[in-house]
Amino acid sequence: EKSEDKPLIDTPDDHYYAINNTSDSQKVTYQFDDEGHGSTVNCIFNLATSAIGGGVLAFPFAYSATGLLSGLVITVIMIAVMAYTQHIISESTERTRSSNYNQLVTRMLGPRWGIACEIILILYLLGAVIAFMSIIGELGEPIVKRYITDKVFWSSGKVLIAIFSTAIILPLCLLRRIDKLGMASAIAILPVIYLGFMVIIDGASAESKHQTAPISYSIWTIQFFNAFPLIVFAYQSHIQVPVIYAEQKKRTVRQMDIVVFFAMLLESILYIGVGSFGYLLYGNETKGTILLNYSDRDIPANIARILLMFHFTLATPINFFPARLALSSLIDRFFPPSSAAESQLSYMPWKRFLIITLSMFIPCLIIAIAVPQVQIVFSIIGSTLGVAVVFFFPTLFAWKHHRSIILAIIGGILSIFIAVTGTGITIYDMVK
């Protein structure tokens with residue numbers, strides 16, 4: 001029974017009602033689940049490492065679509081816009097005391113939007129799993145051809161995806177606890193940093209052994225719009241903002257803005273460095289992922305390929321775990337547990353765990369094998385699901401905060417523009 005003085009919060013509907021339908025004197029005081037323990041430095045690195053990953057491989061390709069100067073300008077503009085949307089998420093997290101992105105959407109916009117967000121997050125995470133599986137095959141193919149066998153079947157990237165995913169990634173996805181990957185996950189960022197240094201050093205060389213193709217400073221073709229979804233995918237760390245906000249010792253929006261600023265600075269040093277120098281290396285002949293341009297005889301590049309296979313092997317289950325939990329939660333929304341005892345379980349029963357895992361893993365594997373180029377996955381995720389997370393939901397949050405029609409229109413136009421152009425051009429390239 002609800003008190004007349006202060007509404008109690010028990011369900012997603014109650015959260016939404018309490019936040020949006022009470023007078024100022026009756027606003028709910030809702031607390032985070034526990035005290036924050038994260039230092040500013042830890043929060044910065046956690047937010048930065050949640051964004052740094054597969055997107056770095058495609059950044060030179062994004063610049064090859066726009067030209068170097070135009071690419072840098074677009075990147076700076078997108079950084080500013082995405083930093084602002086993270087600021088909006090921080091404000092909304094403080095207002096609702098949410099501890100994850102889906103909870104934030106539910107409390108700000110209502111339970112129906114929460115269900116839509118849950119579906120989007122599941123698809124986004126599984127899209128990342130597909131991209132990582134595809135990258136592993138792409139990275140492994142030249143290694144197998146060079147050092148193991150050059151037989152067409154066994155060195156095929158598609159065969160490598162099937163073998164590697166079934167033999168290594170699936171057992172990791174069947175772990176019950178993600179913290180068993182803790183230390184390995186912490187050092188998994190090092191291969192990406194190694195790649196960054198390698199590309200920057202090669203590109204900065206005045207007499208680079210790779211440089212052969214012409215370089216453009218601005219390119220105005222339909223491919224120009226390919227850059228937007230790739231940049232969105234690369235910089236997306238918005239899903240983690242509520243989690244990291246709740247982890248802070250000092251939970252204020254201003255403090256989180258500092259975390260966002262320095263996290264994006266670290267990301268930009270790597271992304272802009274690899275994008276610029278990678279494009280300077282190969283110019284308009286830059287391929288979808290930068291390592292495709294490197295010869296299988298290039299030893300530093302082969303080291304990068306092996307290290308990045310390790311990185312994406314760990315990144316796949318890290319994305320798979322929250323997707324499985326979200327899907328299980330979504331199933332419970334539509335098919336509630338049949339008994340009180342079952343509803344009180346703090347763990348997922350093994351049979352349910354296995355069925356959900358395989359029902360997600362097998363389609364991901366099939367799609368990863370079928371996709372011809374990994375940048376296609378990056379573009380589709382960035383232009384659809386990424387846009388929803390990065391622009392669409394924060395725009396609705398801002399509308400709730402400020403009631404600004406102009407802000408809502410700008411956010412809506414930007415979301416539609418990137419979604420339509422990015423998806424349309426990607427489909428056009430696939431058909432062509």
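One side chain, Tyr147 or Asn302, offers a donor N or O that lies under 3.5 Å from an acceptor on the other. With no hydrogens or angles considered, a side-chain donor-acceptor pair links Gln236 and Tyr124 at under 3.5 Å. Neither side chain, Thr286 nor Asn293, offers a donor N or O lying under 3.5 Å from an acceptor on the other. In this model, a donor atom of one side chain and an acceptor atom of the other lie less than 3.5 Å apart for Asn42 and Ser39. Neither side chain, Ser98 nor Thr93, offers a donor N or O lying under 3.5 Å from an acceptor on the other. Side chains of Glu94 and Ser90: no donor on one and acceptor on the other come within 3.5 Å.
Arg333 places no side-chain N or O within donor-acceptor distance of the main-chain N or O of Ser328, the cut-off being under 3.5 Å. At distances below 3.5 Å, not a single donor-acceptor pair connects side-chain atoms of Arg324 with backbone N or O atoms of Thr357. Counting only distance, with no hydrogens or angles, the side chain of Thr66 and the backbone of Gly71 share a donor-acceptor pair below 3.5 Å. Put simply, the side chain of Thr421 gets close to the backbone of Phe417: a donor and an acceptor are under 3.5 Å apart.
Taking the six-membered ring where the residue is Trp, Tyr282 and Tyr294 present perpendicular rings, their angle passing 60° and hence far from 30°. Between Phe59 and Tyr235, the ring planes lie perpendicular to each other; the angle is over 60°, past the 30° to 60° tilted range. Taking the six-membered ring where the residue is Trp, Tyr101 and Phe393 present perpendicular rings, their angle passing 60° and hence far from 30°.
The heavy-atom pair separating Asn284 from Ser216 by the smallest distance is ND2-OG, 3.2 Å.
Contact check for Cys173 versus Ile169: side-chain heavy atoms found under the 4.5 Å cut-off. When side chains are defined from C-beta on, Thr85 does not count as touching Phe397, because their heavy atoms never get closer than 4.5 Å. A heavy-atom distance below 4.5 Å is found between the side chains of Leu308 and Leu291. Contact of the Val81 side chain with the Phe391 side chain is registered, since non-hydrogen atoms from C-beta on lie closer than 4.5 Å. For the pair Leu160/Ile136, no side-chain contact is recorded, criterion being any heavy-atom separation below 4.5 Å from C-beta on. Proximity of Thr384 to Ile380: side-chain heavy atoms (C-beta onward) are separated by under 4.5 Å at one or more points. Residues Ile367 and Met133 form no side-chain contact, since every pair of their non-hydrogen atoms from C-beta on lies 4.5 Å or further apart. Annotation: side chain of Met256 is not in contact with side chain of Arg251 (no heavy-atom distance under 4.5 Å).
Separation of the Tyr279 and Phe61 ring centroids does not fall under the 6.0 Å cut-off.
Atom CZ of Phe224 has more than 12 neighbouring heavy atoms from other residues, nucleotides or ligands inside a 6.0 Å radius. Heavy atoms of other residues, nucleotides or ligands lying less than 6.0 angstrom from CZ of Phe353 number more than 12.
For Asp298 and Arg305, the salt-bridge test fails: no basic side-chain N is under 4.0 Å from an acidic carboxylate O. A salt bridge links Lys145 with Glu141: at least one charged nitrogen is closer than 4.0 Å to a carboxylate oxygen.
How far CZ of Phe310 is from CG of Leu190: 8.5 Å, rounded to the nearest 0.5 Å. Rounded to the nearest 0.5 angstrom, Ser276 OG and Leu68 CG are separated by 5.0 Å. Taking CD1 of Ile168 as the start and CD1 of Ile163 as the end, the distance is 10.0 Å to the nearest 0.5 Å. Taking CG from Leu325 and CG from Asn102, the interatomic distance works out to 12.0 Å, rounded to the nearest 0.5 Å.
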